[in-house]
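Counting starts at 1 for both ligands and their atoms, in listed order.
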Amino acid sequence: MMAGQVPVSLEYSYLLPDVEPEELASWQPAVTLMHERLEGGTGPGSAFLGWLDPAAIMPAEQLAAIQATAARLREATEVMVVVGIGGSYLGARAVIEALAAPGGPTVLYAGQTLSAEYTDWLLTYLKDKRFCINVVSKSGTTTEPAVAFRLLRDLLRRQAGAEANERIIATTDPDRGALRGVATKEGYQTFPIPANVGGRYSVFTAVGLLPIAYAGVDAAALLDGATACAAACRTPDLAKNPAYVYAAARNLLYRKGKSIELLATFEPRLHYLAEWWKQLYGESEGKRQMGIFPASVEFTTDLHSMGQWIQEGRRDIFETFVTIAGGQPAVMIPGDPDDADGLNFLAGKKSVDDVNRRACAGTILAHRQGGVPSMTITLPALAPRPLGALLYCFEKACGVSGYLLGVNPFDQPGVEQYKTNMFALMHKPGFETESAAVLAAVQERQGKHVVTF
Ligand code: PA5
């Protein structure tokens, strides 16, 4: 960390009494073993460890090319549509929604849904906009983005004619896959998704950084935060490595019956950080009938919907709070001569953020009093460097956490089942065998027990 920079912190005092510090420390031998597997590339999924070194997967010349492309596209267009699903869009969206300044270029998303309503809205919205497309798919065959890309490319061709291809950037496998083939044939500019980086670990590749740079967010500072965190998280020492404290603590809690983790924020701009985190942990750990269920809540909003359950419901949850220490706008509470709501004691003295902070401290304490252990990660400010560090810390923790759980955190075999069923039901060529079986299985159940209203 550079002099004068305030660090990101992970506080785990509120794990007590569920987890004693000595108990956590006793996991050091297991953590050391998993650390060696991860860093030495001897554990499951070792072909997908490129993300461990963010500086290596994003060399300076590629970052410069990304920034130059983002600047070119910003000059030529007012909207970028990121076409991708899962790990191919959530990292970019998490960062952009957290950090992009209002009034900058717009980034919209497609291919993350098959909703006709949304697709129709998007195509209508884009009709009179100068837009570009960043199509992101490692395999190039994922149905959702493939469908959206066809539609958007057709619209762009009608709007921009010969210029259309200059406004399409493909981020995909460097050598293989359907999208690589299309990009080569059409002459699209491309950026690589390294073969050794899976989708949900790809935010520090062009997958994340091109849309992030287009949105006007400092991609270099984000990457710098990740690189600094990678250095800090290279020690096997549990007492010094925040990623390993987090990984060990959540596995300890899981073994004590805490099977649901809530990522809790007090900042709506972190909504997609939680969505990214849910995919990272859900897809990495939910295997072999095991894994913590990752869920999220946005406070104080959800204190008025989920708060009761968290305070007094079934005690199988723990919370990880992500809070922001400073840099929030100073929106002061105004005075009111009637003081009907009794808030004049705050008027002119406290800001909305001061109240939010007290709500946060009060909530962490209340939930602990109600039997919910928690950890709190605090960013010094909502800024690229600390956010980059946080994203990397979660990635590193996820690798070790998955190993501690006993699963391969870098594959996602369970995602295939719905695709097989969907293709079989659409009679996609090659799915003839599955088609009859899936159709029969659906017919056997569908419509048998229904109540209408
Ligand atoms: O994390 C993952 O690997 C997945 O979420 C993928 O990113 C997602 O399924 C999209 O795959 P693709 O990039 O091949 O279209």
>> Quick test: of every protein heavy atom, which one is nearest to atom 8 (C) of ligand 1, and how far off is it to 0.1 Å?
In response: I85 O, 3.5 Å
> Should we count CZ of R176 as having more than 12 external heavy atoms under 6.0 Å?
Replying inline: no
>> Taking 4.0 angstrom as the limit and counting only heavy atoms of G199, give me the atoms of ligand 1 inside it, by number and element.
In response: 1 (O), 2 (C), 3 (O), 7 (O)
> Which residue and non-hydrogen atom of the protein lie closest to atom 5 (O) of ligand 1, and at what distance in Å?
Replying inline: Q279 NE2, 2.5 Å
>> Tell me every residue that passes salt bridge (Lys or Arg N to Asp or Glu O under 4.0 Å) with D302, counting only those two or more places apart in sequence or in another chain.
In response: none
>> Would R93 and Y272 count as a cation-pi pair here, with the cationic atom under 6.0 angstrom from the ring centre and within 45° of the axis?
In response: yes
> Salt-bridged, D224 to R385, with N to O below 4.0 Å?
Replying inline: yes
> How about T42 and E36: does a side-chain donor come under 3.5 Å of a side-chain acceptor?
Replying inline: no
>> Can you tell me how the ring of W51 sits relative to the ring of Y392, calling it parallel under 30°, perpendicular over 60° and tilted otherwise?
In response: tilted
>> Within a 6.0 Å radius of atom CD on E432, are there more than 12 heavy atoms belonging to other residues, nucleotides or ligands?
In response: yes
> What protein heavy atom is closest to atom 14 (O) of ligand 1, reported as residue, atom name and distance in Å?
Replying inline: S139 OG, 2.7 Å
>> Closer than 4.0 Å to some heavy atom of T142 - which atoms of ligand 1 meet that?
In response: 11 (O), 12 (P), 14 (O), 15 (O)
>> Quick check on contacts: which atoms of ligand 1 are under 4.0 angstrom from a heavy atom of R200?
In response: 1 (O), 2 (C), 3 (O)
>> Which residue and atom name correspond to the protein heavy atom nearest atom 6 (C) of ligand 1, and how close is it?
In response: G87 N, 4.0 Å
>> For atom 2 (C) of ligand 1, what is the closest protein heavy atom, and at what distance to 0.1 Å?
In response: E283 OE1, 3.4 Å
> Where the closest heavy atom to atom 13 (O) of ligand 1 is concerned, which of S88, G86, G177 has it?
Replying inline: S88
